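Below you'll find the structure, written out as structure tokens, and then a few comments.
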Amino acid sequence: MGERGRKKTVSDVEILRQFALEPAPFMHPTELTETLDMSRQGVYKRLKDLEEQGLLKSKKAADTRNWWITDEGRRYLSEKS
């Protein structure tokens, strides 16, 4: 059987590009929901997937999780862009 759930309409490259263009060293998922027109749950799932691939890292502080792009994520982005 095929994959379940919604199809990816926003590519990994588009998500990583937002991190690369962000002047701050990290982003909160809410910023991505606004920029990429994705649901909060959709953004969190994609960020977790990208973290598992080593393209993003995250840290939870004060009941919120922030994310940033890794060197590997920047290499991936430059190869795919």
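All residue numbers refer to positions in the sequence shown, counting from 1. Keep in mind that what you see is a predicted model, and the values were worked out from it rather than measured.
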Quiz prompt | Leu47, Val43, Asp49 screened by side chain to side chain contact (heavy atoms under 4.5 Å, CB included) with Lys45, the one that passes | solution = Asp49

Self-check item: Minimum heavy-atom distance Leu77-Ala20, with the two atoms named
Solution: CD2-CB, 3.6 Å

Exercise. Taking all non-hydrogen atoms of both residues into account, name the closest pair between Arg46 and Asp12 and its distance.
Key: NH2-OD1, 2.8 Å

Quiz item: Where is the tightest heavy-atom contact between Leu55 and Glu72, given as atom of each residue plus distance?
Solution: CD2-O, 3.8 Å

Practice problem: Take Leu36 and Gln18 through the side-chain contact (heavy atoms from CB on, under 4.5 Å) test and state the conclusion after the steps. | Solution: CA-CA 9 Å; Leu36 298 173; Gln18 293 302 311; 3.9 Å; yes

Quiz item: Quick one: are Leu56 and Trp68 in side-chain contact, heavy atoms under 4.5 Å?
Solution: no

Quiz item: Is Arg65 close to His28 at the side-chain level, that is, under 4.5 Å between some pair of heavy atoms?
Solution: no

Quiz item: Which heavy-atom pair separates Ile69 from Leu16 by the least distance, and what is that distance?
Solution: CD1-O, 3.9 Å

Exercise. Return yes if a side-chain donor-acceptor contact under 3.5 Å exists between Arg40 and Thr33, otherwise no.
Key: no

Practice problem: With rounding to the nearest 0.5 Å, note down the distance linking CD in Gln53 to OG1 in Thr70. | Solution: 10.0 Å

Practice problem: Decide side-chain contact (heavy atoms from CB on, under 4.5 Å) for Phe19 and Leu32; before the verdict, give the C-alpha distance in whole Å, the side-chain angles of both, and the deciding distance to 0.1 Å. | Solution: CA-CA 9 Å; Phe19 281 93; Leu32 293 169; 3.7 Å; yes

Quiz prompt | Within-4.5 Å side-chain heavy-atom neighbours: Trp67 and Phe26 | solution = no

Quiz item: What distance do Asp63 atom CG and Lys60 atom NZ have between them, rounded to the nearest 0.5 Å?
Solution: 5.5 Å

Quiz item: So, the side chain of Glu14 versus the backbone of Ser11: is there a donor-acceptor pair under 3.5 Å, distance only?
Solution: yes

